[in-house]
Every structure is written in C-alpha cells, then in structure tokens.
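By convention here, the first residue in the shown sequence is residue 1. Side chains included, hydrogens not; waters and symmetry mates left out as well; all remaining heavy atoms used.
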Amino acid sequence: MKQNPLSGQDNAFLNEIVRGTIRWKNRLDWIVKQRFKGKSADMPLTVRWILWLGIYQVLFTHTPPFAAVNESVNLVKQKKYMRWTGVVNGLLRNLIRHPDAVRYPNPDKDPVAYLSITQSHPEWLVKKWIKELGYQETQQLCQANNQPAGVTLRVNPRIISEKALIERLHQKGIQLKSTGLSGYYHVIDNQPKVLNKFLHAGMLSIQDMSAGLPVRLIDVVPGDVILDVCGAPGGKSAALAERWDEQCQIVSGDISPGRSKLIESTLKRLNLQHVYPVTAAAQQFPALNVDTVLLDAPCSGLGVLQRKADIRWQRKPTDIYDLSLLQKDLINAAASHVKPGGQLVYSTCTVLREENEDIVHAFLTNHPEFTLKPATNIPDDCITQAGFVRTWPHKHAIDGSFAAKFIRKE
C-alpha cells in the first residue's frame, strides 16, 4: 500500500483547501473572470483550478499570501502551462494588493445572482429558495451551508452507557455537548484518531442528529417486524437495533450487493444480533404485512451541503424531477408491505418540497388507506404545523432533513 507522505496537520490543511475551493467555486470563478484581462474561455480548466485554489488560500485561510502565490505559480509550471505563469502570478498579486476591488452583482437589482455568486450556490437553487423562503432566509441558509460541518456521535448502549462514554472521552480530552435528542452528542474539540478507536470498538457511530429523527418516529411493540427498505449503509437500522435489538426483528436491505455489505459491516462493528441484511429492491422485499416499514429514500442530498459541498454543483433541476418519480415509486412499494394498523415512515436528507411535502401529498391522495400521523418523540422545533419532521442547517445547526409518518387503517 502506498504511504501518505503528509502529516496529519498537512492532510487536514489539504482537505480544507480542496473542500473549501469546491464550496466557494462560484465566487472564486467570478473573481477570476473579473481579474483576467483575456477571454475567460481561453483559460485551460487546470489553470482555472489552480487559480481557484490560490484565491481560496488568499481569501479564506491563514496562508501567507505570497506563499499562496508562489505555490500556485509552481503548480502551473509543474502542469507545464508555462505561458500562464505570468497570468497566475499577476492575478493573485493584484488580488492581494486590492482585495476590495472585486465587484459583485447588485443585491437589489439581481438578488439571485448576488447570492449565487457571493454565497457560491447554483442560480437555479437560489432562485427556488428565494421563491419559497424569501431573500433573507435564503441568505441564512446559504451561509449555513458554507460553514464546516460539525461532528455528531450516537452512543451504542449495547456496548457502553452514555455516562460511561462521556467520561471516557472526557479523559481523552474530548468534550461532548447534548443535541437535545437522547443518545446524540455534538463533539467539541474533535480528535479523529482518538474518536476512531471508540468507533472501531463499536461504542459509537458518527451520525448527524437529523438522521436519528425518523427512527424516533417509530413506535415499537415487542415482537414487531421492521423493514428498512433502503437501508445502506445501515445507520438507521443500527439506531433502531440499538434501542430494540432483542424485542423486534429488523430486515435491512438495499438493491446493490455492494451497499448491502455496508449494512453487514455496520452491524458487525456494533455487535448487533437481530438485524438481517438482504439484497433486494424495495418493490421485491421478502416480507409482507409487517408492522413497520422505514423508507429513507434516495434524494438530491441538498440538506447536507455542509458535508458534501460538491453536490450543489452536481445536481440539476431535471434531477429533482427524476428523483421525485423514483421516490413516488419507492413509497408506493414500501406501503405495499405494511399490514393494517402498521406504520410507514418516509424520510430524506433534502430540503426541497418536491422530494418531501409534495411526495407526501401525492401519496395520501393515491392511498386513502393511509393517514398521516403527526410527529411525536421529536424536539418541538423540528416539527412543522402539519406534523412533519423538518430540519434546516440555518435554524437547527444540523443537516437539512424531512420525515413523515403514516398509519395504515385497520
């Protein structure tokens, strides 16, 4: 195996630069276009990326400015774009001398363009959010998306109590802060090497509080059978089993054999005995008339932009339509497994209505045998007036998510 020659500190810095550059790509490219005297289309993409990396270091890190310039010029030379060294050198030095000279779109005349550039989000997404949320809240949401994501852990009570884990981590110099949801804690002063030892020992899992909320919607009676029909990588199935391992049977599956193996790996690490991994599509799950079905649907992931900044550039408006069709298909399939009196929980990690409320309304229209059950066992500020679970990065300081619970009539 090839060894990584970088130290832990250097690795962290490199990770910050790469993630930060991806996150702020729109704003960085705006600066390049403003400062470059030639035709922007003539600049090779590799050179553009080097400039983005350099500008990010100058504007967003504590890197000595001229060190960022020198490294950027050297990188251009390494990539054999010799004729562009002067451009890179001049553009970055000019930015250092005149950082306030960058002109952005006027927020009063073009609020979409202004937020898209200054907060580095796609125009189509900013436009959609302004229409639904208004300008001020959209700005707050974009700003939250651009903050580094924190680390949240879930305690595995099958191996260690919350009190004991808190004490042991405290002894290692790691402080925890309650999230308001039992079993979930924000990590203060994260030390990855230390935390990984507890992770590998199965004492904890890294999982955002928002991902734990759909599990808390599920009411369990001893002897229940629960299906997690899009279960990979196994986080929600594991959270269920940690609370109800001996009292119910959990079947957790995914359509992909590779992703099903992720479920197996998760269960093995946490020493959970009563979860049964399978490889199956939601439409073909090997069970009918069960007590509970959990559908954590494939979605756009636009609630987790703090963690996965690249998603904002990968998604297109047409993707949302295609995903909504898949989600409708999956929730219909999931519903077919629920017995009379049983419960169905639908969840996503996106903040778009098309993948959340619209899916729920269409489902209830087409399935009069189901009724919506308002959320319980959830922090009050995460429950909407309609009874859905809704979380937002700018409101709750956690990932954006959605969940709804349905009961099949007797």
Side-chain angles (χ1 to χ4, degrees), residues 211-232 235-241 243-245 247-255 263 274-278 280-299 323-350 353-378 382-390 401-410:
L213 297 177
V215 171
R216 299 300 170 90
L217 290 177
I218 297 173
D219 296 318
V220 176
V221 175
D224 276 0
V225 176
I226 302 172
L227 305 186
D228 186 355
V229 296
C230 292
K236 288 182 173 62
S237 293
L240 270 169
R243 291 169 64 84
W244 309 102
D245 198 27
Q247 300 184 51
C248 61
Q249 303 295 311
I250 302 170
V251 182
S252 181
D254 200 274
I255 192 172
I263 301 174
H274 296 85
V275 185
Y276 306 97
V278 298
Q283 299 89 334
Q284 300 168 336
F285 235 70
L288 292 172
N289 294 319
V290 300
D291 303 282
T292 299
V293 176
L294 170 62
L295 169 61
D296 186 39
C299 68
L323 282 165
S324 69
L325 294 180
L326 174 62
Q327 289 152 358
K328 290 174 183 177
D329 184 41
L330 289 173
I331 196 171
N332 290 335
S336 69
H337 300 294
V338 181
K339 74 177 187 181
Q343 55 193 333
L344 167 65
V345 173
Y346 172 84
S347 67
T348 71
C349 60
T350 183
R353 292 187 60 87
E354 293 95 325
E355 302 178 80
N356 295 328
E357 287 90 345
D358 290 355
I359 299 297
V360 168
H361 296 320
F363 174 75
L364 290 173
T365 298
N366 295 322
H367 291 271
E369 72 275 21
F370 281 87
T371 59
L372 180 71
K373 178 72 179 296
T376 56
N377 305 318
I378 303 292
C382 297
I383 303 175
T384 70
Q385 289 185 342
F388 305 134
V389 176
R390 258 286 198 180
S401 70
F402 176 88
K405 179 177 177 178
F406 312 91
I407 302 294
R408 186 165 194 161
K409 299 174 184 177
E410 296 278 3

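- A distance of 7.5 Å separates CG of D358 from NZ of K328, quoted to the nearest 0.5 Å.
- Minimum interatomic distance between D254 and G231 (heavy atoms only, all atoms of both residues): OD2-N, 4.3 Å.
- Rounding to the nearest 0.5 angstrom, the gap separating the CG atom in D296 from the SG atom in C349 is 6.5 Å.
- At distances below 3.5 Å, at least one donor-acceptor pair connects side-chain atoms of Q343 with backbone N or O atoms of D219.
- Rounding to the nearest 0.5 Å gives a distance of 4.5 Å between OG of S252 and CG of D228.
- Across every non-hydrogen atom of G341 and I407, the tightest pair is O-CG2, 4.2 Å.
- Nearest heavy-atom pair across C248 and I226 is SG-CD1, 3.9 Å.
- Side-chain contact between V229 and L330 is absent, with no heavy-atom pair separated by less than 4.5 Å.
- Atom CG of L217 is separated from atom CG of L294 by 9.5 Å, given to the nearest 0.5 angstrom.
- Taking both residues in full, the closest heavy atoms of P214 and A211 are given as CD-O, 3.5 Å, listed atom of the first, atom of the second, then distance.
- Other residues, nucleotides and ligands contribute at most 12 non-hydrogen atoms within 6.0 Å of the CD1 atom of I255.
- Side-chain contact between L240 and I218 is present, with heavy atoms from C-beta onward closer than 4.5 Å.
- The shortest distance between side-chain heavy atoms of V338 and F370 falls below 4.5 Å.
- A donor-acceptor pair under 3.5 Å is absent between the side-chain atoms of H274 and the main chain of A241, judged by distance alone.
- In this structure the side chain of Q283 reaches within 4.5 angstrom of the side chain of D329, judged on heavy atoms.
- The line from CG of L227 to CD of Q249 is 11.5 Å long, rounded to the nearest 0.5 Å.
- Looking at every heavy atom in both residues, L323 comes nearest to C299 through CD1-C, 3.7 Å.
- Checking side-chain atoms of R390 against main-chain N and O of T384 turns up no donor-acceptor pair under 3.5 Å.
- Proximity of V293 to F285: side-chain heavy atoms (C-beta onward) are nowhere separated by under 4.5 Å.
- With values rounded to the nearest 0.5 angstrom, S237 atom OG is found 6.0 Å from I263 atom CD1.
- Aromatic rings of F406 and Y346 (six-membered ring for Trp) have centroids beyond the 6.0 Å cut-off, not under it.
- Judged by distance alone, with hydrogens and angles left aside, the side-chain atoms of D291 form a donor-acceptor pair with the main-chain N or O of V225 at under 3.5 Å.
- Between N356 and T348 the shortest side-chain heavy-atom distance falls below 4.5 Å.
- Contacts of N332 classified as side-chain contact (heavy atoms from CB on, under 4.5 Å), with partners at least two apart in sequence or in another chain: F363, H367.
- A donor-acceptor pair under 3.5 Å is formed between the side chain of K409 and the backbone N or O of P368.
- In this structure, the side chains of C230 and P298 come closer than 4.5 Å at one or more pairs of heavy atoms.
- Across all non-hydrogen atoms, the minimal contact from A297 to Q327 is CB-CG, 4.1 Å.
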